[in-house]
Amino acid sequence: MRQKAKVETYDAPAGGWGSLNAVMHILTQEEVAILGSEILLKQNKPGGFMCVSCSWAKPASPHPVEFCENGAKATAWEITGKTVTPEFFAQHTLTELRNWSDHQLEEQGRLTHPMRYDADSDRYVAVDWSEAFREIGNELNRLDPRTVIMYTSGRASSEASYMYQLFGRMYGTNNFPDSSNMCHETTSVALPQVIGSPVGTVLLKDFEHTDCIFFFGHNTTTNAPRMLHPLQEAAQRGVPIVTFNPLRERGLERFVNPQSPVQMIAGGTRISSQYHQVRIGGDAAAMVGICKWVIESDDLALANGSARVVDVDFIQQHTAGFEEFAAFCRAQDWHEIERASGLSRVAMRDAANTYMAANAVIANYGMGVTQHKHGVETAKMIVNLLLLRGNIGKPGAGISPIRGHSNVQGQRTVGISEKTKLVPLDKLGELYGFEPPRWDGLTTVDACQGILEGDVRGFLSLGGNFVRAIPERSLMEPAWSGLRLSVQIATKLNRSHIVPGEVTYLLPCLGRIEIDEQASGAQAVSMEDSTACIHGSRGQREPVAKEALSEPAIVAGLAKATLKPNPKVDWDAWTGDYSKVRDAIERTYPDQFRDFNQRMFEPGGFPRPLGARERKWKTPNGKANFTVPKNAFAPPQENDGVYELMTMRADGQFNTTIYNEDDRFRGIQGSRYVILMNSADMEADGLKSGDTVTLVTEAGDGVERSLSELQIVPYDIPRRTIAGYYPECNGLIPLWHYAEGSKVPAAKSVPVRVFKDVPPEIIEGGEIPIATD
Ligand SMILES: Nc1nc2c(c(=O)[nH]1)N[C@H]1C(S)=C(S)[C@@H](COP(=O)(O)OP(=O)(O)OC[C@H]3O[C@@H](n4cnc5c(=O)[nH]c(N)nc54)[C@H](O)[C@@H]3O)O[C@H]1N2
Ligand SMILES: Nc1nc2c(c(=O)[nH]1)N[C@H]1C(S)=C(S)[C@@H](COP(=O)(O)OP(=O)(O)OC[C@H]3O[C@@H](n4cnc5c(=O)[nH]c(N)nc54)[C@H](O)[C@@H]3O)O[C@H]1N2
Ligand SMILES: [Mo]
């Protein structure tokens with residue numbers, strides 16, 4: 001039986017006293033005394049270390065304590081006093097560990113020694129680094145590079161990532177899926193087509209100049225809490241914040257800065273001035289409605305001879321496709337727009353009026369946009385909306401995809417990509433005297449497919465928890481044991497480490513907060529934030545164990561053991577002095593990384609040059625492109641008992657890392673096995689608060705996907721929409737259910753049926769049993 005969740009309405013605003021309590025709690029839990037120490041004061045400060053949690057921008061003039069509740073949790077979690085030593089592995093077989101929860105696994109602490117899996121005893125056994133490198137190198141050389149995946153989660157530094165991609169390409173593969181393939185790849189596919197940039201255009205200073213902010217599908221309170229500061233400052237200036245989210249998210253309503261005693265007493269600032277509970281997947285339709293208002297207002301202005309509403313000069317000089325897009329919007333029927341968006345015509349008019357009254361508008365978005373079947377089109381619709389009034393490439397305006405991991409954007413910038421057109425292969429070939437592979441590599445979904453079909457034979461993971469983050473759990477975990485080689489470079493124990501292949505290594509690495517001592521002294525590394533600014537980061541804390549190596553050292557060790565010596569790449573010199581890796585990055589990307597070593601500690605980071613910020617459009621036609629959405633009105637699920645399930649994050653987690661079982665802002669405590677549901681749906685289905693249900697995916701492909709014992713929680717969420725937590729619900733997502741164009745799993749809209757009484761035949765052979773704490 002699973003533990004029951006305690007549910008009560010959380011009335012306090014986000015931030016505030018609740019934040020401080022939560023921070024104190026995790027510090028105690030992780031047995032680290034850091035609050036009074038220097039560590040947290042160095043978080044996100046020039047010369048200090050960059051937070052390992054989210055990727056939100058780091059200001060040039062930081063607040064005295066530039067960290068948030070979740071950043072403090074992430075720090076405590078990484079520098080915990082607890083360790084996972086060879087003795088731990090001697091005591092537990094992997095079969096036993098597979099019954100532990102995600103929380104229990106990571107909670108054991110930091111990995112300390114390189115380990116090799118011994119199938120006879122079903123245990124990990126300590127090995128020497130040299131032996132580990134040698135065997136992995138031999139294994140890699142026996143495999144066809146096309147069958148080897150080199151995954152990255154978005155934490156590794158740009159230096160480690162550059163080395164990793166170079167190692168992989170010299171070995172012969174372009175199979176570099178990363179966590180971005182489950183995240184903002186939708187952005188990286190959509191934006192280049194329409195504005196010629198794979199990343200957002202907004203800088204932190206734009207928030208000071210904006211006069212309107214639109215927000216689509218991002219839970220800022222939990223997932224980028226420091227962003228609440230610029231939002232709060234904007235709100236206090238009277239800037240309207242127009243939010244689109246099916247769920248009522250607490251932090252998007254009111255926020256108290258826990259670092260401001262005055263606000264702690266006064267009760268905080270309102271964040272959203274309009275809160276539109278859009279239907280799940282209905283954002284594109286909502287934007288069609290808003291654009292329709294704007295365009296029809298402009299038509300009227302033109303007829304009356306009054307001032308135009310759209311930015312005519314910008315549209316003429318900089319864009320293509322406006323007339324076609326305008327004609328499309330004019331032709332859409334309001335009833336259809338209302339049905340597909342779930343919003344009233346009046347609500348969309350209100351949003352449009354606010355948009356039209358502003359001179360500079362920022363549009364932010366997160367997973368509520370990217371993890372949908374038509375996410376690529378929705379991201380392009382955001383661009384359409386912005387282009388109408390020239391809101392890209394001027395101060396206070398722009399598009400702002402809020403990235404996930406702290407360096408996911410930076411990794412993509414330095415060559416971690418399966419898409420060859422995004423990587424300067426000629427340059428790499430020329431600099432290092434080799435012929436890089438020219439074929440496009442596998443995305444995350446393709447890699448999973450390859451593992452299921454047995455085509456993928458080797459899997460290297462630079463961080464992350466692939467097995468737990470991907471969809472289709474009940475097929476993927478058993479298929480994993482078919483791998484010949486699994487190599488996991490990690491800080492903490494997770495599920496991906498305890499599902500072994502034939503040859504399996506677990507390699508412990510240092511985290512970013514630790515002092516990284518190499519031949520030339522203590523090293524710094526760099527990362528790129530969501531606004532494409534690059535920051536240096538220096539470790540502050542003694543390393544967890546002398547046996548743990550830095551990520552660059554591990555990558556170099558693997559490369560040397562695998563590749564023939566190449567006089568143009570001195571892996572040891574790079575490991576000894578990371579500034580040489582930065583020189584190599586600068587040589588590879590001279591425009592982007594000019595004077596990299598000199599500039600990396602500039603306060604606020606140095607911005608990479610982006611054409612779109614200066615209205616230079618690196619698109620095939622040299623213009624910013626309006627596009628007509630083809631699927632803005634994709635039919636919603638018929639009301640025949642099928643619900644749309646969104647999987648989302650709670651306050652007590654960082655992705656698959658579960659700090660605790662609470663979701664404070666949503667008022668849920670003690671269990672993550674819950675389903676949020678509209679009370680009218682509960683009544684219609686004969687369900688009461690606290691009932692437990694089984695979800696069964698409606699896929700029609702013969703695969704049974706189910707998850708049982710989920711507790712029903714009544715919630716302010718649109719009808720026929722339910723919400724549950726990632727990663728617990730990942731087994732419900734079919735692998736082929738992904739965003740068209742980007743292959744990001746459509747984790748925000750999974751068609752499921754809800755059963756009150758568990759049908760036994762479905763439970764059998766369904767979801768692999770999960771231990772509860
Ligand atoms: N503390 C903490 N910080 C994190 C993470 C973490 O797990 N914990 N993860 C990091 C990572 S890798 C990422 S990618 C980001 C993720 O940050 P988010 O993008 O906020 O991701 P989710 O929690 O999945 O939340 C998605 C939001 O979208 C809403 N939503 C769902 N469907 C729709 C829809 O159709 N339309 C609209 N408009 N909204 C919708 C949900 O209600 C929810 O508020 O956060 C990063 N930061
Ligand atoms: N259903 C559903 N699925 C999702 C999502 C969703 O919203 N819904 N979100 C998706 C998204 S946006 C993302 S980004 C992915 C996340 O997928 P991943 O990035 O693969 O997963 P994480 O949970 O972030 O990885 C956590 C592990 O990283 C390791 N780690 C932590 N720090 C370091 C470090 O400094 N170095 C190294 N080498 N290892 C480290 C630790 O061992 C830890 O256990 O999940 C995706 N999956
Ligand atoms: Mo992400």
Side-chain angles (χ1 to χ4, degrees), residues 52-56 68-71 73-74 77-78 102 105-106 110-111 151-157 160 178-184 215-225 243-249 252 276-283 286 365-372 375 378 402-406 408 444 461-471 488-497 507-513 551 554 644 646-657 659 717 721 723-730 732-733 744-745 747-750:
V52 295
S53 194
C54 82
S55 60
W56 183 241
C68 66
E69 168 187 344
N70 282 334
K73 280 188 207 160
W77 195 253
E78 178 163 314
D102 297 310
L105 290 172
E106 277 210 37
R110 288 283 302 278
L111 300 166
Y151 175 69
T152 31
S153 156
R155 270 222 195 158
S157 65
D178 93 348
S179 60
S180 176
N181 287 104
M182 299 179 251
C183 187
H184 265 291
F215 236 104
F216 299 93
H218 187 265
N219 182 15
T220 314
T221 333
T222 291
N223 297 327
T243 298
F244 296 81
N245 198 312
L247 278 186
R248 279 257 164 206
E249 297 284 24
L252 298 174
H276 298 292
Q277 280 181 280
V278 67
R279 137 175 266 146
I280 196 165
D283 301 78
Y365 65 98
M367 298 299 102
V369 165
T370 63
Q371 294 178 335
H372 273 299
T378 307
I402 305 165
R403 303 294 296 238
H405 271 293
S406 50
V408 64
T444 289
S461 201
L462 185 58
N465 185 2
F466 190 83
V467 164
R468 202 66 180 111
I470 54 175
Q488 305 279 338
I489 304 166
T491 50
K492 286 202 149 186
L493 186 63
N494 66 43
R495 191 141 191 111
S496 300
H497 310 153
L507 307 178
C509 66
L510 298 181
R512 193 185 300 158
I513 307 171
E551 289 178 320
I554 296 174
E644 294 276 2
M646 68 157 94
T647 59
M648 57 182 187
R649 292 158 169 80
D651 171 60
Q653 78 184 92
F654 189 92
N655 297 343
T656 68
T657 295
Y659 303 125
I717 184 169
T721 299
Y725 292 119
Y726 144 63
E728 286 77 1
C729 291
N730 280 33
L732 294 166
I733 310 174
V744 168
K748 295 292 183 271
S749 54
V750 186

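All ligand and atom numbering here is 1-based and tracks the order in the structure. Computed from a predicted structure; not experimentally measured.
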Check your understanding: Sub-3.5 Å donor-acceptor pair from the side chain of T152 to the main-chain atoms of L462, do we have one?
Key -> no

Looking only at non-hydrogen atoms, the one of Q371, M648, M367, R403 nearest atom 7 (O) of ligand 2 is Q371

Determine whether the side chains of T491 and R155 contain a donor N or O and an acceptor N or O closer than 3.5 Å.
no

Closest to atom 16 (C) of ligand 2 among protein heavy atoms sits Y726 OH, 3.4 Å

Under 4.0 Å from one or more heavy atoms of G366, ligand 1 contributes atoms 19 (O)

When distances are taken from atom 30 (N) of ligand 1, the protein heavy atom at minimum range is G368 CA, 3.6 Å

(message) I'd like to know if the side chain of T378 and the backbone of V369 have a donor-acceptor N/O pair within less than 3.5 Å.
(response) no

Contact region, C509 to ligand 2, non-hydrogen atoms below 4.0 Å, reads side chain

So the atoms of ligand 1 within less than 4.0 Å of a heavy atom of E249 turn out to be 42 (O), 43 (C), 44 (O)

If the contact criterion is a heavy-atom separation under 4.0 Å, does A224 count as touching ligand 1? no

CG (N219) and CG (L247) are apart, to the nearest 0.5 Å, by 8.0 Å

S153 side-chain N/O to S179 backbone N/O, donor-acceptor pair under 3.5 Å | no

Quick note on ligand 2: atoms under 4.0 Å from a heavy atom of A747 include exactly 1 (N), 2 (C), 8 (N)

Take K492 and R110 through the side chain to side chain contact (heavy atoms under 4.5 Å, CB included) test and state the conclusion after the steps. CA-CA 5 Å; K492 286 202 149 186; R110 288 283 302 278; 4.0 Å; yes

In ligand 2, the atoms that come under 4.0 Å of a heavy atom of I489 are 37 (C), 38 (N), 39 (N)

among protein heavy atoms, the one nearest atom 36 (N) of ligand 2 is E551 OE2, 2.7 Å

Sub-6.0 Å ring centroid separation between F654 and H405: yes

closest protein heavy atom to atom 26 (C) of ligand 1 is K748 CE, 3.6 Å

Closest non-hydrogen atoms of P727 and N655, given as atom of the first, atom of the second and distance, are CD-O, 4.3 Å

for atom 12 (S) of ligand 1, nearest protein heavy atom and its distance come out as N655 ND2, 3.3 Å

Closest heavy-atom approach to atom 20 (O) of ligand 2 among F654, F466, Y151 is made by Y151

Quick look: H372 vs ligand 1, heavy-atom contacts under 4.0 Å, and the answer is side chain

Does G464 reach ligand 2 with a nitrogen or oxygen that is under 3.5 Å from one of the ligand's nitrogen or oxygen atoms? yes

among protein heavy atoms, the one nearest atom 23 (O) of ligand 2 is T656 OG1, 2.5 Å

Per-atom filter on ligand 2: closer than 4.0 angstrom to a heavy atom of I733 are 1 (N)

With respect to S179, determine whether any N or O atom, backbone or side chain, lies less than 3.5 Å from an N or O atom of ligand 2. no

Looking only at non-hydrogen atoms, the one of R649, M182, M646 nearest atom 22 (P) of ligand 1 is R649

| Test of proximity, H497 against ligand 2: N or O pairs below 3.5 Å | no

Looking only at non-hydrogen atoms, the one of N730, N494, D102 nearest atom 27 (C) of ligand 2 is N494

Would a distance-only check, ignoring hydrogens and angles, find a side-chain to backbone donor-acceptor pair under 3.5 Å from N223 to C54? no

Among N245, T222, T378, the residue with a heavy atom nearest to atom 41 (C) of ligand 1 is N245

Using distance alone, decide if ligand 1 has a nitrogen or oxygen within less than 3.5 Å of any nitrogen or oxygen in Q653. yes

Any heavy atom of T220 under 4.0 Å from ligand 1? The part involved is neither

Among non-hydrogen protein atoms, atom 38 (N) of ligand 1 lies closest to D283 OD2, 2.7 Å

Worksheet item: If you measure every N/O of L493 against every N/O of ligand 2, is any gap under 3.5 Å?
Response: no

Among non-hydrogen protein atoms, atom 8 (N) of ligand 2 lies closest to T647 OG1, 3.0 Å

Task: Polar side-chain atom of E78 near backbone of R512 as donor-acceptor pair, under 3.5 Å - done: yes

For E78 and ligand 2, does the shortest N/O to N/O distance drop below 3.5 Å? no

shortest atom 18 (P) of ligand 1-to-protein heavy-atom contact is with N223 ND2, 3.3 Å

The closest protein heavy-atom partner of atom 42 (O) of ligand 2 is K492 O, 2.7 Å

Rounded to the nearest 0.5 angstrom, the CZ-OG distance for R279 and S749 is 11.5 Å

Residues I470 and T444: closest non-hydrogen pair is CG2-CG2, 3.8 Å

Looking at Q488, H405, E106, the heavy atom closest to atom 24 (O) of ligand 2 belongs to H405

Closest to atom 47 (N) of ligand 2 among protein heavy atoms sits A469 O, 2.8 Å

inquiry  = Could you check whether any side-chain N or O of S55 sits under 3.5 Å from a backbone N or O of R403, counting only pairs where one atom can act as donor and the other as acceptor?
reply    = yes

Of all heavy-atom pairs linking R468 and N730, the shortest is O-ND2, 3.3 Å

C183 heavy atoms within 4.0 Å reach ligand 2 at atoms 12 (S)

What orientation do Y151 and F466 show, parallel under 30°, tilted 30 to 60°, or perpendicular over 60°? perpendicular

In short, N70 meets P225 closest at the heavy-atom pair ND2-CG, 4.1 Å

Correct closest heavy-atom pair for E551 and S157 would be OE1-N, 4.1 Å

Ignoring angles and geometry beyond distance, decide whether D651 reaches within less than 3.5 Å of ligand 1 through its nitrogen or oxygen atoms.
-> no

closest protein heavy atom to atom 32 (N) of ligand 2 is R155 NH1, 2.9 Å

Please report whether ligand 2 has a polar contact with R512, defined as an N or O pair separated by less than 3.5 Å (distance criterion only).
no

Taking only non-hydrogen atoms of G463 and a 4.0 Å limit, the atoms of ligand 2 in range are 37 (C), 38 (N), 39 (N)

Margin query: For L493, is there any backbone N or O sitting under 3.5 Å from a side-chain donor or acceptor partner on E106?
Written below: no

min-distance protein heavy atom vs atom 34 (C) of ligand 2 -> T491 CG2, 3.6 Å

So for N70 against ligand 1, with non-hydrogen atoms under 4.0 Å, the contacting part is side chain

Distance col, row R649:CZ vs Y726:OH, nearest 0.5 angstrom, shows 5.0 Å

Quiz item: Do N181 side-chain atoms and D178 backbone N/O form a donor-acceptor pair below 3.5 Å?
Solution: yes

Atom 15 (C) of ligand 1: of G404, P246, P225, C54, the nearest heavy atom sits on G404

Would one find an N or O of N219, backbone or side chain, under 3.5 Å from an N or O of ligand 1? yes

